[in-house]
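Heavy-atom basis, side chains included; hydrogens, waters and symmetry copies ignored. When a ligand or atom number is given, it counts from 1 through the structure's own listing order.
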Amino acid sequence: MKLFGIIGYQLDHSLSPFLMNRFFRYAHIDAAYGCFPVESHRLQDVVAAMHELRFVGANVTIPYKETVLPMVDLLSDEASKIGAVNTFFWKDGSLEGHNSDAVGFLSALKEVKFSPGNKKALVFGAGGAARAVAYALLSNGCEEIFVAARNQSKGLSMCEAFKNFYHGQVLNLLPWASEEIARVTDSVDLIVNATPIGMGALKGKLPPIPSEFISSKHFVFDLIYDPQETSFLMTAKRKGAKTLNGFPMLLYQAAQNLEIWLGESVQAEAVPYWRSLLKKERILIE
Ligand code: NAP
């Protein structure tokens with residue numbers, strides 16, 4: 001039996017075990033996917049134990065996507081440029097670190113026929129997901145990205161890191177202030193919320209963008225999938241913007257993980273299977 005799992009701090013709400021285990025059963029794959037909540041001081045031991053137990057791969061989530069960087073033997077190009085790992089793969093005795101968030105984000109955009117080429121974007125957040133979004137956009141020809149970050153030093157290091165790889169394209173750091181954000185909103189095509197503002201304890205809250213500046217010219221992508229429609233997406237929809245929640249990205253990044261681990265293409269089978277499963281279970285309401 002092939003073993004997989006997810007490592008993080010709080011995993012009570014993770015959908016990954018449900019999605020992965022149901023797909024294994026559906027596709028007759030002899031495999032199991034477990035949930036491993038870990039305190040930071042035990043992280044290294046847990047990764048070593050998984051290796052010892054011959055795990056094939058694992059996902060890594062908040063808050064360890066960056067902490068695990070020194071633990072891997074080999075980083076994929078994406079993970080290295082993004083500066084975060086969300087997928088482990090033990091291959092020939094070495095631990096590979098990958099990042100499937102960028103592929104998940106791009107596939108979700110592709111499905112709704114939004115192409116980042118020659119577009120401008122405003123991204124809220126400077127964490128692992130925001131960096132994956134910036135990488136995905138820049139490597140697909142996005143012209144300019146404005147990064148609005150609460151933690152300005154994190155935002156600055158994100159902008160500086162990408163400047164090393166993408167010379168012709170521009171990254172600008174914005175303060176976490178609605179006046180500054182309002183000033184650039186009209187010039188962007190895509191607005192991405194890559195913060196937890198709108199979920200959990202922050203449910204009902206909005207990123208600092210005055211709603212009167214959002215219009216039908218915008219595509220608004222909130223990476224949050226629970227709730228399915230955040231207050232930010234509701235507001236954007238009311239203002240006439242096209243909107244997308246985090247579900248498609250979640251499914252596409254999960255399919256990408258399976259492709260890394262199994263070495264075969266599963267997206268065309270897995271994504272529609274998961275969609276119908278989530279609808280049947282009333283987790284996804286359309
Ligand atoms: P992360 O690495 O912890 O980064 C979170 C970012 O949000 C940081 O820049 C953080 O700023 C900022 N932030 C947190 N709370 C804030 C607040 N109250 N006000 C302003 N900024 C705040 O997390 P992540 O992995 O990037 O995930 C970010 C979001 O994307 C989460 O909601 C996650 O669920 C979602 N996500 C979705 C998918 C998907 O497949 N749909 C995939 C990955 C992530 P500080 O540094 O100042 O704390």
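- Scanning the protein heavy atoms around atom 8 (C) of ligand 1, the nearest turns out to be G127 N, 3.8 Å.
- Among all non-hydrogen protein atoms, the one lying nearest atom 36 (N) of ligand 1 is L223 CB, 4.1 Å.
- Close approach of ligand 1 to A126 is summarised as follows: ligand atoms under 4.0 Å from at least one heavy atom of the residue are 9 (O).
- Note on L11 and Y225: same hydrophobic cluster, where clusters join Ile, Leu, Val, Met, Phe, Trp and Tyr whose side-chain heavy atoms are under 4.5 Å apart, directly or indirectly.
- Heavy-atom contacts of Y225 reach the following atoms of ligand 1: 41 (N) (cutoff under 4.0 Å).
- S157 places a side-chain N or O within 3.5 Å of a backbone atom of K154 that can act as its donor or acceptor partner.
- Annotation: the span from I145 atom CD1 to Y135 atom OH amounts to 12.5 Å, rounded to 0.5 Å.
- Using a cut-off of 4.0 Å between Lys/Arg side-chain N and Asp/Glu carboxylate O, R42 and E39 are scored as not salt-bridged.
- If you look at K154 next to ligand 1, the close heavy atoms, those under 4.0 Å, all belong to the side chain.
- From the protein, the heavy atom lying nearest to atom 32 (O) of ligand 1 is M199 SD, 3.2 Å.
- In terms of polar-atom proximity, I224 is not counted as a contact of ligand 1, lacking any N or O under 3.5 Å from an N or O of the ligand.
- Of the heavy atoms in K205, none comes closer than 4.0 Å to ligand 1.
- Counted by atom type alone, N245 and E229 present zero donor-acceptor pairs between their side chains at under 3.5 Å.
- Counting atoms of ligand 1 from 1 in the listed order, those under 4.0 Å from a heavy atom of G128 are 2 (O), 26 (O).
- Within the structure, ligand 1 lacks F247 among the residues with a heavy atom less than 4.0 angstrom away.
- With a heavy-atom cut-off of 4.0 Å, L250 touches ligand 1 through backbone and side chain alike.
- Between F124 atom CZ and I209 atom CD1 the span is 4.5 Å, to the nearest 0.5 Å.
- With a 4.0 Å cut-off on non-hydrogen atoms, T61 does not touch ligand 1 at all.
- Note on E269 versus R275: no salt bridge recorded, every NZ/NE/NH1/NH2 to OD/OE distance being 4.0 Å or above.
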**Report entry** Intermediate values then yes/no, ring-ring contact (aromatic ring centres under 6.0 Å, His included), Y252 and F105
**Finding:** CA-CA 8 Å; Y252 282 112; F105 174 77; over 10 Å; no
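- Protein heavy atoms are absent from the space less than 4.0 angstrom from atom 10 (C) of ligand 1.
- N99 places no side-chain N or O within donor-acceptor distance of the main-chain N or O of E78, the cut-off being under 3.5 Å.
- Ligand 1 has no nitrogen or oxygen under 3.5 angstrom from a nitrogen or oxygen of I197.
- In this structure, R131 does not pair ionically with D101, as no charged nitrogen and carboxylate oxygen lie closer than 4.0 Å.
- Looking only at distances, no side-chain donor or acceptor of D45 sits under 3.5 Å from a matching main-chain atom of A49.
- Panel note: side chain E144, backbone Q169; no donor-acceptor pair is recorded below 3.5 Å.
- Between I62 and ligand 1, a contact under 3.5 Å exists for no N or O pair.
- Contacts between F124 and ligand 1 below 4.0 angstrom, taking non-hydrogen atoms only, are absent altogether.
- Close approach of ligand 1 to G125 is summarised as follows: ligand atoms under 4.0 Å from at least one heavy atom of the residue are 9 (O).
- Within the 4.0 Å heavy-atom criterion, neither part of N86 lies near ligand 1.
- Between Y33 and the choices N59, N257, N21, the side-chain hydrogen bond (donor to acceptor under 3.5 Å, both in side chains) rule is met once, by N59.
- With respect to atom 20 (C) of ligand 1, the closest heavy atom belonging to the protein is W176 CZ2, 3.2 Å.
- When the heavy atoms of R150, K65, Q253 are ranked by distance to atom 43 (C) of ligand 1, first place goes to K65.
- Taking the ring centre of F165 as origin, the terminal cationic atom of K81 falls inside the region bounded by 6.0 Å and 45° from the ring axis.
- Using a 4.0 Å cut-off to heavy atoms of N151, the atoms of ligand 1 that qualify are 46 (O), 47 (O).
- For atom 44 (C) of ligand 1, the candidate residues are G104, A129, P196; the nearest heavy-atom contact is made by A129.
- Of all atoms in ligand 1, listed by their number and element, those nearer than 4.0 Å to a heavy atom of L202 are 18 (N).
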Requested in this report: Determine, step by step, whether F88 and F55 satisfy the ring-ring contact (aromatic ring centres under 6.0 Å, His included) criterion, reporting the C-alpha distance in whole Å, the side-chain angles of both residues, the deciding distance to 0.1 Å, and the verdict.
Outcome: CA-CA 10 Å; F88 281 155; F55 271 61; over 10 Å; no
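- A194 O, 3.4 Å is the protein heavy atom nearest to atom 28 (C) of ligand 1.
- Taking a 4.0 Å cut-off on heavy atoms, A149 fails to register as neighbouring ligand 1.
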